[in-house]
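Bear in mind that the values here come from a model prediction, so they are computed numbers and not experimental data. Chain letters run A, B, ... following the sequence lines, proteins first and then strands; every chain starts at 1.
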Number of protein chains: 4
Amino acid sequence: MSATVSWGFLSTANINDELLAGAAESDRVDVIAVASRDGARAEAYARERGIERAYGSYDEVLADPDVEAVYISLPNSLHVEWSIRALEAGKHVLCEKPLANTVEEARAMAAAAERAAARGVRAMVGFNFRRVPAVALARQLIADGRLGTIRHVRAAYLASHVTDPEFPLVWRLQAEQAGSGALGDLGAHAIDLAQYLVGDRIAGVSALTETFIRERPLPDGSGRGPVSVDDAALFVARFGGGALGNFEATRFATGRTEGLRVEVNGAGGSLVWELDSLNHLLFFDGADEPATQGFRRIQVTRAEHPYAGAWWPDGHTIGYEHTFTHEIRDLLVAIDDGREPEPSFADGLAVQQVLDAVLRSAAAGSAWTEVGA
Amino acid sequence: MSATVSWGFLSTANINDELLAGAAESDRVDVIAVASRDGARAEAYARERGIERAYGSYDEVLADPDVEAVYISLPNSLHVEWSIRALEAGKHVLCEKPLANTVEEARAMAAAAERAAARGVRAMVGFNFRRVPAVALARQLIADGRLGTIRHVRAAYLASHVTDPEFPLVWRLQAEQAGSGALGDLGAHAIDLAQYLVGDRIAGVSALTETFIRERPLPDGSGRGPVSVDDAALFVARFGGGALGNFEATRFATGRTEGLRVEVNGAGGSLVWELDSLNHLLFFDGADEPATQGFRRIQVTRAEHPYAGAWWPDGHTIGYEHTFTHEIRDLLVAIDDGREPEPSFADGLAVQQVLDAVLRSAAAGSAWTEVGA
Amino acid sequence: MSATVSWGFLSTANINDELLAGAAESDRVDVIAVASRDGARAEAYARERGIERAYGSYDEVLADPDVEAVYISLPNSLHVEWSIRALEAGKHVLCEKPLANTVEEARAMAAAAERAAARGVRAMVGFNFRRVPAVALARQLIADGRLGTIRHVRAAYLASHVTDPEFPLVWRLQAEQAGSGALGDLGAHAIDLAQYLVGDRIAGVSALTETFIRERPLPDGSGRGPVSVDDAALFVARFGGGALGNFEATRFATGRTEGLRVEVNGAGGSLVWELDSLNHLLFFDGADEPATQGFRRIQVTRAEHPYAGAWWPDGHTIGYEHTFTHEIRDLLVAIDDGREPEPSFADGLAVQQVLDAVLRSAAAGSAWTEVGA
Amino acid sequence: MSATVSWGFLSTANINDELLAGAAESDRVDVIAVASRDGARAEAYARERGIERAYGSYDEVLADPDVEAVYISLPNSLHVEWSIRALEAGKHVLCEKPLANTVEEARAMAAAAERAAARGVRAMVGFNFRRVPAVALARQLIADGRLGTIRHVRAAYLASHVTDPEFPLVWRLQAEQAGSGALGDLGAHAIDLAQYLVGDRIAGVSALTETFIRERPLPDGSGRGPVSVDDAALFVARFGGGALGNFEATRFATGRTEGLRVEVNGAGGSLVWELDSLNHLLFFDGADEPATQGFRRIQVTRAEHPYAGAWWPDGHTIGYEHTFTHEIRDLLVAIDDGREPEPSFADGLAVQQVLDAVLRSAAAGSAWTEVGA
């Protein structure tokens with residue numbers, strides 16, 4: 001229905017492959033360029049994946065007039081510089097989450113996105129789980145009032161990537177590059193999902209964080225270095241509208257690989273979604289007759305479900321990379337329609353403010369800490 | 001194998017029926033007396049259930065020389081007086097949870113239990129979920145080191161008893177009688193389970209509590225009164241040994257009726273148990289070969305499982321009241337063996353100290369609060 | 001509300017313990033006598049369980065004027081003689097399933113039950129799973145037309161008791177005493193459940209049976225003997241009303257202990273129940289709006305659910321022995337009300353006719369075989 | 001690593017989209033042509049999906065020298081002609097299942113495939129569920145002997161596509177075009193999965209089939225016509241090696257959409273897989289210590305799992321279309337390696353022989369019917 005958009009990748013990160021797969025399932029996306037500070041790496045990457053142009057610097061992608069949109073999966077510390085430069089160069093931006101390493105950076109990015117929007121240039125942050133059909137259905141049910149007043153939100157992202165003490169000190173375990181650990185990497189997803197589903201923002205938090213393994217081998221084999229981020233972060237929260245939140249992110253939950261789970265309890269019903277069962281939504285409808293009330297296990301693959309109509313016939317499930325396909329599709333539609341995509345950089349900033357409040361609370365003996373104050 | 005023990009009930013509370021059912025499945029328990037401040041009520045209760053003696057005051061039970069043990073299911077505020085008086089009268093005591101309304105009361109009760117023990121008189125607090133075979137198996141696995149260093153404990157008791165704003169202001173919703181709300185009623189179970197499973201005590205907490213419905217109809221129909229306890233309590237915690245805890249108790253989780261659930265993650269494996277599936281334990285064994293690792297769903301009904309050997313052949317499940325049968329059985333065995341039963345009043349005091357720390361933290365803006373300090 | 005009924009046990013079988021536990025939870029049942037052909041065994045049994053009278057022959061129980069009802073858990077081959085003699089002696093009879101070893105025996109028993117009924121003496125066959133609250137709720141939903149025209153019934157009883165080739169040649173593995181193997185022992189439950197739930201009878205079957213291990217050690221250690229019953233029986237069926245049936249019973253399903261499961265599909269909805277999750281019923285209601293359709297997991301413990309109101313508060317589960325409590329209760333109510341209890345000996349005969357058709361079909365190369373023809 | 005293969009599609013069937021999506025995820029597949037007897041339709045299809053060449057006859061695809069492989073998703077009755085002509089034209093063939101409408105057709109196709117193989121031209125039948133990582137892992141475990149002697153296979157494909165009596169009389173409901181109904185469409189998958197997993201062939205069957213709705217509206221609105229295929233097919237079976245099989249395929253299981261499920265019980269363990277939870281495998285290992293035995297829920301997304309290593313990091317699930325990606329990949333690898341791909345046309349013939357035996361048995365009053373006799 002609409003024209004194809006040409007994309008450039010800043011970085012050769014692994015996550016690109018999911019986006020590439022997502023893009024391959026869209027007929028409106030053409031990835032034409034990739035950049036790395038290591039030109040040879042960019043070239044190898046481009047050759048292996050059939051991408052036309054390889055650049056040895058990010059600047060070159062921004063200077064390429066054929067590139068209309070860029071995907072930024074650089075380490076978090078580089079998001080601010082390159083997102084803003086890309087927007088200023090007139091490129092639409094899809095930036096990975098978390099938006100930035102600090103609230104200040106995120107604020108600058110949100111401001112840049114606002115300026116760019118005035119010129120029709122769009123910015124989106126990669127909270128891809130909003131794009132799961134079951135999650136989108138959950139949002140619809142809540143927005144339609146099927147849960148009534150929201151009382152509780154429970155969101156956790158349990159993983160076990162680094163339980164081995166010999167797992168090396170990669171950039172994700174260093175505060176300067178990653179900002180935070182499980183909190184920003186995993187918890188950011190849980191926070192965004194919660195705020196999106198409930199349609200409300202977290203107002204205050206009380207938190208604790210822990211680093212179980214404090215020293216790890218350096219990736220280059222030259223000894224060991226200190227882990228400067230959290231292995232786990234837990235916090236309790238209040239939403240603006242009065243709901244209570246319970247959040248947890250950890251890289252030390254043995255047996256949980258990508259254990260993202262969210263539960264919402266309202267006066268009139270409840271919803272549960274888990275990444276491990278991506279295509280299903282559990283829904284308890286308090287309006288059902290008492291004798292047959294129970295959580296319904298809805299397989300969200302029907303033509304009338306969000307996103308699902310674009311895929312296979314009812315009953316055939318989709319996988320993780322489709323969240324990227326939907327993400328890109330929603331960005332393209334927003335570009336077409338001339339409006340801000342969601343989640344916007346402002347949404348990314350809102351998450352960043354929660355991450356910041358969590359770290360401040362944890363540093364202050366779990367003291368109650370208002371978000372954004 | 002051993003002699004029958006004659007029991008008296010202080011109060012005609014509903015919970016007695018579960019204990020009676022539990023007792024009926026034991027061949028060593030004989031309930032011979034019941035008391036109520038309302039003598040006619042005691043008589044009706046005794047007649048309906050075939051109990052021999054009905055008394056119009058608790059004193060009379062304690063004065064009855066044939067009564068060897070008493071079951072105390074009075075409102076929490078009365079636990080301290082009648083537990084201590086019963087122990088001093090030489091009766092073994094099974095006291096419902098939470099042990100008391102305050103740490104001071106619990107401390108007095110634990111001291112009384114210690115004095116009584118010197119005379120061979122035993123005291124137990126009714127944390128009956130320790131007696132679920134699946135929970136006992138979980139404890140064994142952890143004690144045997146199958147989970148390695150414990151990193152995380154997640155325990156929640158989600159219920160929905162009072163989501164209706166017109167639910168009346170019963171004693172459980174009034175602080176003077178109940179001490180606390182969801183916290184003491186539901187959360188106490190979660191706390192005791194967590195400490196029991198891990199074999200460690202909670203050292204500090206940061207908490208928040210909420211009362212969603214602040215005024216309710218008086219039971220006698222004479223207007224409305226203020227709810228003085230929490231509808232929900234959430235806290236994050238640190239155990240003495242370094243594990244992190246995530247606790248939640250609520251009466252506002254629509255769709256959850258008795259949603260007690262506990263998960264423990266250790267360096268070497270994980271365990272999950274839910275009351276909704278009382279007979280099953282989920283166990284992830286990190287020692288399994290990687291390609292076939294996964295949570296095992298163990299039906300804990302085999303002859304070699306704790307308690308289960310005393311019941312039906314493998315594969316036949318038990319119900320809620322069996323937790324009381326096992327509780328009574330363990331108390332009787334402790335009496336026979338001349339040692340303190342578990343959970344002891346000291347264990348009950350340990351839970352009370354956590355409840356107290358939670359309330360203090362919640363009152364102090366979620367400030368980090370050490371347990372017992 | 002009503003008078004107590006005094007019971008006698010014919011045999012000291014293991015299954016008695018479940019009935020005893022079930023009886024203990026009823027306040028209207030008093031087990032006063034037990035018989036065994038081995039008088040010493042009866043005495044030991046009576047002593048251990050606190051039963052007043054022990055007899056060295058079944059006749060003595062029938063001659064005891066205080067015994068009002070008898071429980072028959074003898075080997076299947078003895079059901080016919082002792083059921084009929086007990087009914088003729090004016091004792092109410094609860095006879096274990098399957099009703100008999102042959103259709104002829106079952107027919108004689110049903111006739112005896114009809115004669116006894118004229119004198120107010122009642123007979124029931126022990127298909128205890130009808131008494132599970134979740135099963136009774138399923139029956140209500142179907143009887144209320146919530147599933148519309150029934151299309152499919154799938155019922156299986158998967159077990160693994162004898163997968164070990166060294167498991168001895170007990171009476172259940174010998175045709176003269178047991179009639180059949182997995183078919184009569186396990187499959188009979190599946191058949192009765194299916195006919196009860198659908199409210200219809202199986203009209204014809206095509207079957208196959210297998211004995212995987214054809215020789216086993218004799219229990220007395222004197223060598224090995226031939227297994228003369230089926231280890232597994234499978235059959236497809238048509239119900240009178242046009243529904244299709246799929247049935248399976250096996251003692252060789254490793255990992256399944258008491259794997260009884262039934263699923264019913266109707267034009268308007270579906271139901272699934274499994275013994276492993278005794279307290280839950282899965283219900284798909286085709287009348288739900290399409291976007292939120294899904295199987296509801298109903299925890300059948302609410303006051304308004306069948307049987308459940310007599311037990312613990314909502315959300316507290318019951319166990320296997322309660323099926324016996326409910327069975328006895330329903331028999332007592334039928335005695336009080338002066339009507340035939342269900343499942344009657346006529347229902348037991350109906351199951352026997354299916355078992356017979358299955359064996360005849362299997363013997364005739366799976367040829368289609370009408371039930372009762 | 002290897003060269004791209006250019007594909008042509010015979011037909012514009014819906015299923016093509018799944019294959020296209022699967023192909024899009026492969027970097028070695030280029031779909032360059034599509035044909036339809038309706039040239040305009042082919043052109044519209046090609047335009048919408050960006051396929052270069054559109055043909056108004058299947059012959060033209062076979063005549064196109066650039067086309068190296070064809071995908072045949074024509075109605076089953078046309079498989080035989082076009083598969084054989086394509087193979088004779090030197091095109092590799094991926095033909096949808098079931099292979100044909102009759103054993104004779106399938107035999108001719110298998111013979112053609114054998115002749116083609118001699119010239120390096122390959123033929124595969126589209127039993128795509130073999131390509132699910134969890135299924136492939138199950139096959140590995142069985143081939144490695146982890147289940148010991150196989151005793152039982154239970155395979156069902158429960159669906160509900162046509163429960164509405166007003167669903168029109170499409171080609172799949174007409175015997176001349178579809179061969180059979182639920183049996184060939186759904187049951188064929190169950191049969192192939194079972195034979196693949198066990199590594200054995202079904203030797204004999206006893207079956208029944210049913211058509212619940214015997215007349216339906218014609219698609220062109222010109223009245224009603226007779227349904228000439230089965231709505232449901234059930235059969236019991238024996239495998240060559242002695243295992244028992246229980247098979248069911250239906251389009252009338254309300255609440256089940258694509259309810260493919262297979263369970264295998266061996267002397268040493270059991271496996272369960274369901275399409276609804278495509279990424280998971282349940283595995284009961286009888287070698288586990290008794291106290292912690294239970295079905296393990298394995299999320300089959302680890303690098304060491306079949307196929308999974310090619311996709312996302314551990315813990316990220318894949319969807320239905322990946323089965324096509326893997327299918328194509330396996331065909332390409334077989335072409336590269338110069339060997340027959342699996343499932344071969346001979347495998348397709350083996351399934352066809354079972355379908356034929358089922359229909360013969362059903363027509364003969366469920367009489368035992370040997371496969372291939």
*Would you please go through residues 275-296 of chain B and name the residues with a non-hydrogen atom below 4.5 Å from one of chain A, in numerical order?*
F284(B), F295(B)

*Under 4.5 Å, heavy atom to heavy atom, which residues of residues 199-209 of chain B contact chain A?*
S206(B), L208(B), T209(B)

*For A253(A), is it the side chain, the backbone, both or neither that has a heavy atom under 4.5 Å from a heavy atom of chain B?*
both

_From CZ (F252(B)) to OG (S270(A)), nearest 0.5 Å_ = 12.5 Å

*Is it true that atom CD of E370(B) has more than 12 heavy atoms of other residues, nucleotides or ligands lying nearer than 6.0 Å?*
no

List, one per line, each side-chain donor-acceptor pair under 3.5 Å for residues 133-145 of chain A, sequence neighbours excluded.
{"from": "R139(A)", "atom 1": "NE", "to": "Y196(A)", "atom 2": "O", "distance (Å)": "3.4"}
{"from": "R139(A)", "atom 1": "NH1", "to": "L197(A)", "atom 2": "O", "distance (Å)": "2.9"}

*chain B heavy atoms under 4.5 Å from L158(A): which part of the residue, side chain, backbone, both or neither?*
side chain

*Could you grab the distance from atom CG of N246(A) to atom CD of E248(B), nearest 0.5 Å is fine?*
4.5 Å

*In residues 230-242 of chain B, which residues are in contact with chain A at a heavy-atom separation under 4.5 Å?*
A232(B), L234(B), F235(B), V236(B), A237(B), R238(B), G242(B)

*asked:* Which atoms of I213(A) are under 4.5 Å from chain B, going by heavy atoms: the side chain, the backbone, both sets, or neither?
replied: side chain

_Top contributor to chain A contacts, counting heavy-atom pairs under 4.5 Å, from G245(B), A267(B), A367(B), A364(B)_ = A267(B)

*Output the distance between atom OG1 (T250(A)) and atom CG (N265(B)), rounded to the nearest 0.5 Å.*
7.0 Å

*Say whether, by atom type as modelled, one donor and one acceptor occur between the side chain of T254(A) and the main chain of G266(B) under 3.5 angstrom.*
yes

*asked:* Between R256(A) and H152(B), is there a side-chain heavy-atom distance shorter than 4.5 Å?
replied: no

